[in-house]
Amino acid sequence: MAFNPRSVVPELGCELASRNVGAFSWIFRVCRASNDEIFEQCGLDAIAFIRLVQLGLKVSIMGCLTAIFVMPTYYHAPETGENWNVTDPLDKCSIANVNSQSDQMYATVVASYLIFGFMIYLVHHEFRWYISCRHRVMGHNNPENHTVFLRNIPMLLKSRKALHGFFGQIFDDVLEVVIPLDVSKIDPLVATREAIAQRFEHATNIFMFKGKRPEHSASMLSCAKVDSITAYAEDLSKVNQQVADSIAELNARYDQYETTLAAVNSDDPPPAASIKRLDRPVRNAAFVSFRSIRSATIAKQTVLCVVPFALQATAAPAPKDVCWGNVGIGHRVGQLSSVLASFGTTILCVLWTVPVAFVATFTQIDSLITLLPFLRDASHDFPMLDQVLAQVAPIALIVLSTLLPVALAVFARMEGHVAETAVQASLFSKLTFFKVVQTFFVSAISGSVFAALMQIAADPVPIILDILGRKLPAQASFFMQLMLVQSFVGMGLELLRPVPCAIAAVRRLLGPNVTPKERAAPWMGLNPLSSPGPFDQPNSLSSVMLMYVILLAYAVLSPVTCFIMAFCFGVMTITYRNQFINIYDPRSDTGGLMWPRAIQAAVMCLVVAELMVVAVLSFKKAAGPSPLMFPLLVITVLFYRYLGQQHYRVGEQLPLEVCARADTENAGGDEWNDCAQGKYVQPALKPFEMDVEALLAQRPPEVKGDVGSACGPTISITTSPVTDFND
């Protein structure tokens, strides 16, 4: 269960995971699985991530091939007064051993064109693959492919009838219009009902499987015991009635609102004062579903209103992916929240440099001994201790990187995204920015960003050249250690899963475990092994982007890095192939929505790496090789702009010819044209699904006689009605 839940849990079933393997043969099995098999059984997110890692592996191998002529060129540089102190074998194989104005740096330029040009080719090839797979996903008969999300709706269109009439003039296959209601008063009642329902179900399970009716204290200040089943059933009946009454009141308010709004749109509208005082129980958003994917695609790409930002139509998230708390946020509030979130992220980035720069001082053993003098004697007595202490900085940086997503997730949710995938995409962008800036640049500078910014402001050109040309190349060994620690420790933890196993053990020890259903359900945020949860895309993708920038920056400056990165990318490829096949739940697949951001970040890493090579050559006063890098830099920037013209847009939207073909293929199903019917209902308005009467009637197998006498008094439960706003 711990290492292969997808072969045990039916809901996670995967044919690839069911194949028997040995202690090491699993490596060959996961490597033999084709991309199409992983795509079909694990989702587009899984294979897109794997191919990103494999892209890094391919670039690393190209770097290893160029190292065949670059490393000897660097190593056999003539010894002068400039490089006499370069004695470390790794440094002698890097550009640090090359003298200023040396013609040996032409090898750097040749290697740059081979490695960076190869990556440009691979990115272009990957885009063709992604667009094909993305269109396959967008052609599936899913509710989100038939639905558009509207925000900033004009007042006169803010009702179901008005919006249905508006879209009915344009399209002839409008299926449903859902306008979310203001359920702020109902949400707490529903949360209370869910908590009571869980306790009630647990109490009935104890009675069924243990034959004893559980009891609990009537209140915190009372020692009197009450029958748990009876008490929870009574509480559930009361709260459920309150929910039903609140929903009925909300329905009445909406009916009155829609009637008044219809009068406003008529030839004899009411006075303007009454319109201002109009009770508006609706949110400023709507979900419009169509019977065909073609109509939904056209609606998403159409300007629907002459007022800027009004009646904006975007792709609807999957029903389970909707962040209902952000649905209906006004345009001004959303813009302000986005600005505040960006400001908060920037402030956090500056403040985060303090612990990162502190950790970066441990890169050299002497710095660590200076901070902790008691280590001096131990280092002298046990020389091997230096090798252990050298891993302190990489491990500490990994710990800081683990804590970072918790803080950034708060700012990502502040931006008002309607889809959970959009929140995760924003978190990925923030994590990538942080890891590249903090781990890569700040670690190399080994100081506060405040000090660096002050130096740059005082004399920008020499300071920037010094940072890019001297300090960053000198940190190659540190980053190689960091990547090796991440591969051995990070991937080891990923494969062995000690944290999920510990969490599952705590959940089994403290959580409800009476029935198989209870044992398989999460409790208090703790997941059992049978519920592995989704793949953490933001954190994993941002780590891959950090690997990209390290690989590309040092591929030609310190070619040994290519061999280390090839190993790291190879280990990561095998690890995540195994995890996607055997562990992660594919039901949370987003259809590859984060891949465009990831590939855009990868191209930006390519630009940063080329700028770094130019800076190093300039620092080395390479008058001939430096200008030869500018055509490559221009080509890369033009390639970045070329991708931005159409590639991302084609990946986001389904072409109409593909829409027509998808609608034709989907037409074979019985419910192909109304798959979105009733899917976008707010959780607070959904009917209460627990069969309370059936649970009250249950009794243990050994209990004989009258059901009522065995199970206590019968409690009448009224389920919450939900008005269908589509009638």
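In this chain, residues are counted from 1 in sequence order.
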Problem set entry | Contacts of Glu652 that satisfy salt bridge (charged side-chain N to carboxylate O under 4.0 Å, His left out) - sequence neighbours left out | none
For this session: Please answer whether the main-chain N or O of Ala422 pairs with a side-chain N or O of Ser426 as donor and acceptor at a distance below 3.5 Å.
Result: no
Problem set entry | Partner set under side-chain contact (heavy atoms from CB on, under 4.5 Å) for Val607, not counting sequence neighbours | Leu611, Leu633, Thr636
Problem set entry | Main-chain N/O of Gly63 paired with Thr66 side-chain donor or acceptor, under 3.5 Å | yes
Exercise. Would you find a donor on one side and an acceptor on the other, under 3.5 Å apart, between the side chain of Gln41 and the backbone of Cys14?
Worked result: no
Problem set entry | Side chain to side chain, Ser626 and Val614, heavy atoms closer than 4.5 Å | no
For this session: Kindly determine whether Trp26 and Ile574 satisfy side-chain contact (heavy atoms from CB on, under 4.5 Å), including the steps that lead there.
Result: CA-CA 10 Å; Trp26 65 270; Ile574 296 173; 3.9 Å; yes
Seminar exercise, completed: Across all chains, not counting sequence neighbours, the salt bridge (charged side-chain N to carboxylate O under 4.0 Å, His left out) partners of Arg641 are none
Exercise. Would you find a donor on one side and an acceptor on the other, under 3.5 Å apart, between the side chain of Asp589 and the backbone of Asp45?
Worked result: yes
Give the table of side-chain donor-acceptor pairs shorter than 3.5 Å for residues 111-126, with sequence neighbours excluded, one pair per line with atom names and distance.
unit_1 : atom_1 : unit_2 : atom_2 : d
Ser112 : OG     : Thr108 : O      : 2.8
Tyr113 : OH     : Leu628 : O      : 2.6
Tyr113 : OH     : Leu632 : N      : 3.4
Glu126 : OE1    : Arg51  : NE     : 3.0
Glu126 : OE2    : Arg51  : NH2    : 2.7

For this session: Answer yes or no: is there a side-chain heavy-atom contact under 4.5 Å between Val549 and Leu552?
Result: no
For this session: Show your reasoning for whether side-chain contact (heavy atoms from CB on, under 4.5 Å) applies to Arg497 and Gln579.
Result: CA-CA 10 Å; Arg497 307 188 71 220; Gln579 300 304 90; 4.3 Å; yes
For this session: Output, in order, the C-alpha distance, side-chain angles, deciding distance and verdict of side-chain contact (heavy atoms from CB on, under 4.5 Å) for Asn582 and Phe3.
Result: CA-CA 7 Å; Asn582 297 307; Phe3 306 109; over 6 Å; no
Exercise. Partners of Arg136 by salt bridge (charged side-chain N to carboxylate O under 4.0 Å, His left out), sequence neighbours excluded?
Worked result: Glu40
Problem set entry | ring pair (Phe, Tyr, Trp, His ring centres under 6.0 Å) against Tyr576, all qualifying residues, sequence neighbours excluded | Phe49, Phe535
For this session: Could you list the residues that satisfy ring pair (Phe, Tyr, Trp, His ring centres under 6.0 Å) with Phe428, not counting sequence neighbours?
Result: none
Could you list the donor-acceptor pairs under 3.5 angstrom formed by side chains in residues 559-569, with sequence neighbours left out?
unit_1 : atom_1 : unit_2 : atom_2 : d
Thr561 : OG1    : Ser558 : O      : 2.9

For this session: Over all heavy atoms of both residues, which pair between Leu348 and Ala407 is shortest? Give the atoms and the distance, please.
Result: CD2-CB, 3.9 Å
Exercise. So Val613 and Leu617, side-chain contact (heavy atoms from CB on, under 4.5 Å) or not? Walk me through it.
Worked result: CA-CA 6 Å; Val613 173; Leu617 295 179; 4.1 Å; yes
For this session: Tell me, please, which residues at least two apart from Asp585 pass side-chain contact (heavy atoms from CB on, under 4.5 Å).
Result: Leu12, Arg587
Donor-acceptor contacts, no H, no angles, side chain residues 643-650, under 3.5 Å, sequence neighbours left out:
unit_1 : atom_1 : unit_2 : atom_2 : d
Arg649 : NH2    : Gln301 : OE1    : 3.4

Exercise. CZ of Phe28: more than 12 outside heavy atoms within 6.0 angstrom?
Worked result: no
Exercise. Can you name the salt bridge (charged side-chain N to carboxylate O under 4.0 Å, His left out) partners of Arg413, sequence neighbours left out?
Worked result: Glu420
For this session: For Pro534, enumerate each residue passing the side-chain contact (heavy atoms from CB on, under 4.5 Å) test, keeping only those at least two apart in sequence or located in another chain.
Result: Ser588
